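These notes are about the structure you will find just below.
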2 protein chains.
Amino acid sequence: MSVQTQFSAGACSDCPIRHRAVCAHCERDELAQLEEIKYYRNFEAGQTIIWSGDKMGFVGSVVSGIASLTQTMEDGRTQMVGLLLPSDFVGRPGRVGSPYDVTATTDVVMCCFRKKPFEEMMARTPHIAHRLLEMTLDELDAAREWMLVLGRKTAREKIASLLSIIARRDASLSPNGPSGPMLFDLPLTREAMADYLGLTLETVSRQMSALKKDGVILLEGKRRVTVPDMGRLMDEAGDDSDGGMFS
Amino acid sequence: MSVQTQFSAGACSDCPIRHRAVCAHCERDELAQLEEIKYYRNFEAGQTIIWSGDKMGFVGSVVSGIASLTQTMEDGRTQMVGLLLPSDFVGRPGRVGSPYDVTATTDVVMCCFRKKPFEEMMARTPHIAHRLLEMTLDELDAAREWMLVLGRKTAREKIASLLSIIARRDASLSPNGPSGPMLFDLPLTREAMADYLGLTLETVSRQMSALKKDGVILLEGKRRVTVPDMGRLMDEAGDDSDGGMFS
DNA sequence: AACCCCGGTTGATCTAAGTCAAGGAAAACC
DNA sequence: GGTTTTCCTTGACTTAGATCAACCGGGGTT
C-alpha cells in the first residue's frame, strides 16, 4: 500500500498545512503555529531546487509536482537516488550541506519552513516527530530495496521493476484495481530512467522495445504504457515482494 | 566524521543503556524506565537474527559485534543493503514483517526492547525520538550514497570505495590520523564484499590483487590491509566526498 | 514550407565483468 | 599427522551491457 493511500485515510481537510504529510495526526494548536513560519516556493520543471553541497536554508515538503534527488561524479556519471512526491520532505534540521542535487522534474510547489522554528515545533510536538521518523524509515526501506535492483538485477529486470513500481503507485487510483490491466504515463524520459536504473539510455530503449515485443507492455507513443498483466510484469521484475521506491 | 566519534563526545558513562546510541542526549528519568523493559540477546557469528518477512517482536540495538542486512532473490542472488554497527537500531515500532534478513557477521550482543513500551517511551521522550530520527536520516544518506556506488562505479572503484569507507571508519582510532597510512583488518570475506558491492567474488579477488599490484594497498595474508596513501585510495574510489555507509 | 531540435530507436562493435574450472593455503577436525 | 573444509586466487572463455554512430519523427520556430 502506498503512502498516498495511508495519508488519504487519515487526512483532515482543515489542516493549515494544506498537503497531507503531517496532517494524518494533526492537532490544531501546533499546526496553527506552523502557519506562522511557513512560506511557499514555486519551481519550474528542470530547475534545480538545491545544489549538492549547498547550505540548506529550509526544510521543505512537496505540495505538488515531482522532484528528483541525484548524485553526480566529477566525470558526469549520475545516479538518481530518490524521488520526492507530494508530501515528502527534503532538507534536514541540523545539517548544512545537501548530499545531493534536488531538481524539479515537473513544476513543483514546495512548502518551506525555516529550520529553527521547525525544530522547536518538532520538540514540542512528539507525534509529528514520530510521523517524520515513520516516513524516513519508509524511505530507508525503499532505498534498500532499490539497492537490490541496482546491484543484482539485469537490465530487463530493472526496467520491469521500475515500471511495476510506477504502475503500483498509480494502482490505487485505477478503476481496475491492482490486479487488472494498468495504464499510465511515464513521468520520466529514457535518460532519467537510465539514471535511475544505473543503465545507459540506449539499453533502456532496447529493453523497452523488447518488453513491448514480448507483450509484457504495450506502448502508445513513447510515454503512454499499458500493462495487460501486472503479474507477468512482476515476474519479469524478478521479485514478488512489494516495491516501494515510489511509495 | 563517524557516528562513533559523535557519540563518544557526548556519551555518559552511567547511562542504563550501556552502549552509546541514545545516551548522548540522555536524562536519567526516562532511561531508568527503559531499564525495566529491556533485555539482552546473544547471537553467534553466522546466526540469522531476523529472517526476511519475520514478525519483528522487538526493537534492538547492537551493543557489540557486527550484523548485516541482506536481501535475497528467489534464485539466490543476494545484495547486502547495510551493516549494523554497535549503537545502530534494527526493527521498527509499528511494522510487522522485516523487509530483509539480519545476520550476525561476528558474535553479536543485542539490547532488545519490547515494542509497546519502547513506543510509549518514545512518545514521552522527544529528544530520544529526535535522536532516532537523526540516526535514520544518516542511514538514509548513507544508503543513497551507496546507490551511486552500485549503479555507476566500476569494479575497481567499488572496491576502493569499500576499502576507503572501512579505513575511514577506523581512522578515528588510528594514531596517524586520517591522512597518514592506515592499517586494518577486513571484517568481511570476499564473498561478503561481493554481496555488498554487487559483484562476484572472483571479480573482488581480481581487483584486490590489481590494487595490490599497483601499490594502492598492501596485503598481509587475506584480511590485513595497509593503505599507504589514503588520498590515492580515495582517488581510485572516484569521489572525494565523504563516504558514510559505515558511519 | 523548410528548418531544427529533442527525445527516442536501432545497428555494429567493444569491453568489463560474469561464468566455469582448476588449483592453493590455512585453519579445523579427526 | 593427515584429511577435510573453508576461503581465496588465477586462468580461459563468454556475454550483457556500454559505446559509437546513424537515423527517425513530432512539435516548435521562423
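Predicted model only: the values in this text are computed from it and were never measured. Values reported hereafter were calculated over all heavy atoms of this structure, with side chains retained and with hydrogens, waters and symmetry mates removed.
In terms of polar N and O atoms assigned as donor or acceptor, the side chain of A:Glu191 never comes within less than 3.5 Å of the base of C:dC6 in a complementary pairing.
Here the C1' atom of nucleotide C:dT19 and the CZ atom of B:Arg77 are 14 Å apart, to the nearest Å. Here the P atom of nucleotide C:dA16 and the NZ atom of B:Lys153 are 18 Å apart, to the nearest Å. If you measure from atom NZ of A:Lys213 to atom P of C:dT9, you get 15 Å, rounded to the nearest angstrom. In this structure, the CZ atom of A:Arg190 is 4 Å from the P atom of C:dT9, given to the nearest Å. Distance CD (A:Glu220) to P (D:dG26): 14 Å, rounded to an integer number of Å. Atom NZ in B:Lys222 sits about 10 Å away from atom C1' in D:dT6, given to the nearest Å. Between the P atom of D:dA16 and the CZ atom of A:Arg152 lies a distance of 16 Å, rounded to the nearest Å. Computed from coordinates, the A:Gln207 CD to D:dG17 C1' distance equals 9 Å when rounded to whole Å.
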Could you please spell out the steps behind the side chain to side chain contact (heavy atoms under 4.5 Å, CB included) verdict for A:Glu157 and B:Arg77?
CA-CA 13 Å; A:Glu157 288 169 336; B:Arg77 282 177 280 177; 2.8 Å; yes
Apply the test side chain to side chain contact (heavy atoms under 4.5 Å, CB included) to residues A:Trp146 and A:Leu162: give CA-CA distance (whole Å), side-chain angles for both, the deciding distance (0.1 Å), then the verdict.
CA-CA 10 Å; A:Trp146 204 249; A:Leu162 179 55; 4.3 Å; yes
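Within 6.0 Å of atom CD in A:Glu202, more than 12 heavy atoms from other residues, nucleotides or ligands are found, so the atom counts as buried in its surroundings.
Here B:Arg223 lies in heavy-atom contact (under 4.0 Å) with sugar-phosphate atoms only. Using a 4.0 Å heavy-atom distance criterion, B:Leu199 is classed as a sugar-phosphate-only contact.
One finds no side-chain N or O of A:Ser205 lying less than 4.0 angstrom from the OP1 or OP2 phosphate oxygen of C:dG8. Checking the phosphate oxygens (OP1, OP2) of C:dG18, a side-chain nitrogen or oxygen of B:Thr200 falls inside 4.0 Å. Contact between the side-chain N/O atoms of A:Thr154 and the OP1/OP2 oxygens of D:dA16 is not found at any separation under 4.0 Å. A:Ser209 has a side-chain polar atom (N or O) that falls below the 4.0 Å cut-off from OP1 or OP2 of C:dT10. Within the 4.0 Å cut-off from OP1 or OP2 of D:dG17, not a single side-chain nitrogen or oxygen of A:Arg206 is found.
Checking A:Ser52 against A:Asp101 by side-chain atom types alone, no donor-acceptor pair falls below 3.5 Å. With hydrogens and angles left out, the side-chain atoms of A:Thr78 and A:Asp195 include a donor and acceptor closer than 3.5 Å.
Here the side chain of B:Thr189 is nearest to one of D:dA18, D:dC8, C:dT9, namely D:dC8.
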